[in-house]
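What follows is one structure encoded as structure tokens, with my remarks underneath.
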There are 2 protein chains.
Amino acid sequence: MTETFGIAELAKEFGVTTRTVRFYEDKGLISPTREGQRRVYSPRDRVRLRLIMRGKRLGLTLDEIAELINLYDVDPSEVTQLKQFIGVIHERKTVLEGQKQDIEDILAEMNRLERQCTQLLSQKQNKK
Amino acid sequence: MTETFGIAELAKEFGVTTRTVRFYEDKGLISPTREGQRRVYSPRDRVRLRLIMRGKRLGLTLDEIAELINLYDVDPSEVTQLKQFIGVIHERKTVLEGQKQDIEDILAEMNRLERQCTQLLSQKQNKK
DNA sequence: AGCGAGCTTTACGTTAACGTAAAGTAGCCG
DNA sequence: CGGCTACTTTACGTTAACGTAAAGCTCGCT
């Protein structure tokens with residue numbers, strides 16, 4: 001028998017409210033089982049939550065996150081599906097590489113600004 | 001005299017509506033001058049718009065983007081401000097490096113999935 | 001003078017992603 | 001049994017980031 005989790009437990013682990021976790025269920029992002037009326041989450045649900053959080057850190061909408069997550073559940077027996085799948089992956093990769101470039105640009109600028117500042121600061125410190 | 005731009009011109013260039021451009025002005029992100037009643041945008045406004053778009057691609061809110069943009073306008077004469085400034089830069093860098101890591105993780109997975117798919121696909125192609 | 005194109009302000013509408021409050025249930029503890 | 005705690009459903013509220021519609025200026029053309 002595999003480990004299970006309660007809703008409060010998972011919410012705390014990921015730093016969100018239980019409302020949020022239920023909301024993601026409404027949106028079809030996770031599908032916990034029930035034990036009586038209570039929700040019971042599997043390790044798989046937990047992995048999905050982790051993926052959701054990662055997506056959110058990147059500014060994806062829940063719909064986009066759903067599309068990404070569901071990639072893992074594609075049936076690899078149909079050739080047309082496989083081709084579509086590869087197409088989607090390509091699109092996603094393009095966007096992500098753009099984002100990565102954006103980040104590297106900003107990081108470079110930040111580093112430049114930082115150097116400039118520390119230098120200015122040490123100048124002032126010395127003069128005094 | 002330096003180049004100027006109309007609102008429709010800039011909107012088209014960045015793929016947004018004029019409403020959006022005016023909205024950013026309301027939020028204090030850009031401050032075009034007026035020529036009679038009409039808005040006139042400088043190259044500086046254009047640069048800011050470019051920065052805004054980059055921020056949006058990274059999933060930042062307009063408030064966060066404003067904070068970032070205003071970093072460029074800090075007065076470098078006050079030591080306390082400089083120190084604060086360096087602090088903000090540090091925070092930003094941490095977040096960005098996290099995002100970058102997220103992206104690299106997903107990209108790695110995408111590549112794995114892609115290889116797996118193309119391989120599956122060529123197998124099916126050969127068997128037929 | 002009339003008119004259309006392009007701009008303006010004003011203001012109400014919309015969507016996503018939850019927050020928050022109300023009211024009910026199920027299990028355990030003294 | 002009463003009460004607490006943790007969960008549940010239902011439903012209305014909120015914020016960000018615009019969309020969209022209405023009504024009015026101004027310039028240039030015919």
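Remember, it's a predicted structure, so these values are computed and weren't measured experimentally. Here is the naming used below: chain letters follow the sequence lines, and residue numbers restart at 1 for every chain.
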Exercise. Let me know, please, whether R38(B) or K56(B) comes out on the 5' side of the other along DNA chain D by nearest nucleotide.
Key: K56(B)

Practice problem: Tell me which of R19(B) and D63(B) sits closer to the 5' end of DNA chain D, going by the nucleotide each one is nearest to. | Solution: D63(B)

Practice problem: Give a yes/no on whether any side-chain N or O of Y24(A) is located under 4.0 angstrom from OP1 or OP2 of dC18(C). | Solution: yes

Quiz item: Quick one: is dA17(C) close enough that its OP1 or OP2 comes under 4.0 Å of any side-chain N or O from T20(A)?
Solution: no

Round to the nearest Å and state the distance from [X] atom [atom1] to [N] atom [atom2].
X: E67(B); N: dA16(D); atom1: CD; atom2: P; result: 15 Å
X: K12(B); N: dC7(C); atom1: NZ; atom2: P; result: 12 Å
X: K27(B); N: dA17(D); atom1: NZ; atom2: C1'; result: 8 Å

Keeping [X] on the side-chain end and [Y] on the backbone end, is there a donor-acceptor pair under 3.5 Å?
X: N126(B); Y: Q123(B); result: no
X: K93(A); Y: N111(B); result: no
X: Q99(A); Y: I103(B); result: no

Quiz item: Would L51(A) end up clustered with I89(A) when hydrophobic side chains under 4.5 Å apart are linked, directly or stepwise?
Solution: yes

Quiz item: Given that T18(B) and F23(A) both sit by DNA chain C, which one's nearest nucleotide is further toward the 5' end?
Solution: T18(B)

Self-check item: Closest-nucleotide ordering on DNA chain C, the 5'-leading residue of A8(B) and T17(A)
Solution: A8(B)

